[in-house]
Amino acid sequence: MSASRQRTLGGGGQHVLDYLRRMQAENPSFFYAVQGDSDHTGGSIFWADASSRINYTHFGDTVIFDTAYKTNRYRVPFASFTGLNHHGQPVLFGCALILNETESTFAWLFQTWLRAMSDRRPVSITTEPDRLIQTALTQVLPEIRLRFNRWSIFRETQEKMAHLYQSHPTFEIEFKKCINEAETIHEFESSWASLLERYVFFDKEWLQSMYNARHQWVPVYMRDTFFGELSVTDGSGGLNSFFEGFVNASTTIQVLIKQYEKAVATWHEKELKADYDTSNTTPVLKTPSPMEKQAANLFTRRIFMKFQEELVETLANPATKIDDSGSVTTYRVAKFGEEHKAHTVSFDSVEMKASCSCQMFENSGIICRHILAVFRAKNVLTLPSQYVLKRWTRNARSGAVLEERAPELPNNSQESSTVRYNNLRQEAIKYVEEGAKSIHIYNVAMNALQEALKKVAAAKSQSPAAAGDGALSNGGNQDLHAAGDTQAVASQSVAEKEKKIRELSMELESTNQRCEVYRSNLLAVLRDMEEQKLKLSVKVQNARLSLKE
């Protein structure tokens, strides 16, 4: 149970607010809000940049709300909303500074975050086991599946029952095995009862409270909901992974923003590298299955490797038919020598759908070895479309939601201006990402951008009124004070429009500079490749000469 705690940011708070105001002025899609105080200086703060909001449109199905500052005694009450991208890497959905740890503050934060994300709700959210957070989430997002980070519960159990851990070192191993390795609810219940029986002489109050909350943290109870887990260790340090190494207990408010920007830039570079590796390297296929080749072309590299692992395991997991009821056939799938761990798969041959008792697909979005074994038995050679989640594919970032809404926008409104800005930015990002893949594509993209800039400049000179129709209003209500002033289009001065033109020109120039950086990096890679080829050529030539001699 958490107690309410009031914090202050001191002089650093103004530093953060100045940064947020500057970012919102530079980019209309930058969102920030301050709770409570009318002067915007004493309340909790939330912000999400344009990239975070775009990230959420593609990967907002499962969310992690990280409040590591509470348990790790951070100097700065820094929290974040994160998720997983198509490579299984952490991706940011927004950040917060929580000054007053109360139920109402967390409720405000979740409501504000939803507002920034256009009220698109996730399927699931993972957070620390905290009563205030749980109550606020139940109030704001009652329909989503809430999960507690089980590794936080392991840590807290060790603290609460330190005497038991010290006197019986095997307890920790047995406790974690009971939680992590149970294949069925019955197996977990039986193992838990056995655990309590063997350690009956210890105070079981804490363990009983954890058992009462088992539906929110024991994996076997959560398998029917998507959390994007790719391995059994997911969720173990995952709550702090995005800012791990950038923000810690000694980070001050004065350096927080700099570290935040470093973390964002670092993960962006890691995503670009993963994109490059997926597009420019060919994985080694381990079977003659057409399905494996199909998956190699569809999924990102990491997701394909996970799929390939499951596919290869079908060789040791034969499917045995146990029931046949018309179009639905039921199979028993078990690994050789481990028949006691069998899983049941139901297959509908008409709809080409299968469901497995392990529920791996429901939990991770990756099809399991048991269903693949049934597909193999039924001679299903390619992966049915319902088992290819777009969020795990190479094209996960294509087809932005904002682009789909664009044709329906009104001609003169602030909302129209914001969405047009987002659409243009999204297209620019495509140029950057595609243009960085090769020298030829880079040159084509750069020429196209320069030509487009000339046309935009010509259009602006012909129609000054088209220069812009207002900045994004992150506006609020009685409880929410957002950045930016709401101004009508008609009241904008020529100077303000010229300022907007300069800002957009600077944005384009910045994009050009990033393209140049990517081009330089690619040239360096190509030079290294050429050097390696030359060295190999010399070695081959020397080897041939040696053979002749």
Side-chain angles (χ1 to χ4, degrees), residues 16 19-34 45-66 79-86 89-97 108-123 125 140-141 144 242-243 257 260-261 263-265 267-268 271-272 390-391 396-406 408-409 413-430 432-433 470-476 480 482-484 486 503-504 507 510-511:
V16 173
Y19 169 81
L20 298 180
R21 291 186 181 115
R22 184 172 71 253
M23 294 302 294
Q24 200 274 335
E26 293 175 358
N27 188 337
S29 288
F30 190 98
F31 181 103
Y32 83 91
V34 184
I45 303 171
F46 169 80
W47 74 91
D49 61 21
S51 295
S52 293
R53 301 173 78 183
I54 292 173
N55 287 340
Y56 189 77
T57 65
H58 301 297
F59 309 114
D61 43 14
T62 186
V63 175
I64 294 171
F65 179 53
D66 172 20
S80 63
F81 294 87
T82 65
L84 297 169
N85 68 7
H86 49 320
Q89 298 169 328
V91 64
L92 189 63
F93 298 148
C95 298
L97 290 171
W108 170 87
L109 178 59
F110 297 135
Q111 290 166 349
T112 305
W113 172 71
L114 276 177
R115 182 185 179 91
M117 301 300 135
S118 303
D119 202 38
R120 293 186 59 186
R121 293 159 187 258
V123 173
I125 188 165
V140 179
L141 292 162
I144 70 165
F242 191 91
F243 289 102
I257 295 300
Y260 154 79
E261 290 188 328
V264 170
W267 281 111
H268 179 63
E271 181 176 315
L272 286 176
K390 183 180 179 182
R391 61 122 48 245
R397 285 190 177 274
S398 65
V401 173
L402 290 172
E403 292 176 333
E404 297 170 2
R405 295 177 182 171
E408 303 174 5
L409 291 175
S413 71
Q414 281 195 312
E415 181 182 7
S416 175
S417 172
T418 300
V419 177
R420 287 200 301 270
Y421 180 94
N422 286 338
N423 289 340
L424 288 170
R425 186 179 185 280
Q426 183 70 17
E427 290 302 314
I429 289 174
K430 290 180 183 178
V432 173
E433 293 177 345
L472 169 66
S473 171
N474 287 336
L480 182 136
T486 304
E503 290 173 350
L504 291 172
E507 180 82 12
S510 176
T511 300

Checklist entry - Just one of Tyr260, Trp113, Phe81 clears the ring pair (Phe, Tyr, Trp, His ring centres under 6.0 Å) bar with Trp47, so which one? => result Tyr260

Next on the checklist: Tell me the closest heavy-atom pair linking Ala48 and Gly94, and the distance in Å.
Outcome noted: CB-CA, 4.1 Å

Next on the checklist: Determine whether Glu271 and His86 satisfy the following criterion, side-chain contact (heavy atoms from CB on, under 4.5 Å), listing intermediate values before the conclusion.
Outcome noted: CA-CA 9 Å; Glu271 181 176 315; His86 49 320; 3.7 Å; yes

Item to check | Ser51 backbone acceptor or donor facing Asn55 side chain under 3.5 Å | outcome: yes

Checklist entry - Considering only heavy atoms from C-beta outward, does the side chain of Leu141 approach that of Leu114 to under 4.5 Å? => result yes

Item to check | Derivation and outcome, side-chain contact (heavy atoms from CB on, under 4.5 Å), residues Phe46 and Arg115 | outcome: CA-CA 11 Å; Phe46 169 80; Arg115 182 185 179 91; over 6 Å; no

Item to check | Contacts of Phe110 that satisfy ring-ring contact (aromatic ring centres under 6.0 Å, His included) - sequence neighbours left out | outcome: Phe65

Item to check | Partners passing side-chain hydrogen bond (donor to acceptor under 3.5 Å, both in side chains) against Arg22 (at least two apart in sequence or in another chain) | outcome: none

Next on the checklist: Side chains of Asp49 and Ser52 only: does a donor on one sit below 3.5 Å from an acceptor on the other?
Outcome noted: yes

Item to check | Residue pair Val91 / Arg397: nearest heavy atoms and the distance that separates them | outcome: CG2-NH2, 4.2 Å

Next on the checklist: Quick one: does any side-chain atom of Trp267 pair with a main-chain N or O of Phe242 as donor and acceptor, under 3.5 Å?
Outcome noted: yes

Item to check | Shortest non-hydrogen separation from Leu84 to Arg391 and the atoms involved | outcome: O-NH2, 2.8 Å

Item to check | Pairwise distance OG(Ser398) to NZ(Lys390) - rounded to 0.5 angstrom | outcome: 3.5 Å

Next on the checklist: Just verifying a value: how many Å separate Leu97 CG and Ile45 CD1, rounded to the nearest 0.5 Å?
Outcome noted: 5.0 Å

Item to check | Contact summary for Ala33 and Trp108, nearest pair of heavy atoms | outcome: O-CH2, 3.7 Å

Next on the checklist: Checking the side chain of Arg120 only, and the main-chain atoms of Gly60 only, is there a donor and an acceptor separated by less than 3.5 Å?
Outcome noted: no

Item to check | Which residues share a ring-ring contact (aromatic ring centres under 6.0 Å, His included) with Phe93, sequence neighbours left out | outcome: Tyr56

Item to check | Closest contact, heavy atoms only, Leu92 versus Ser80 | outcome: CD1-CB, 4.2 Å

Checklist entry - Do Thr57 and Met117 have side chains that get closer than 4.5 Å, going by heavy atoms? => result no

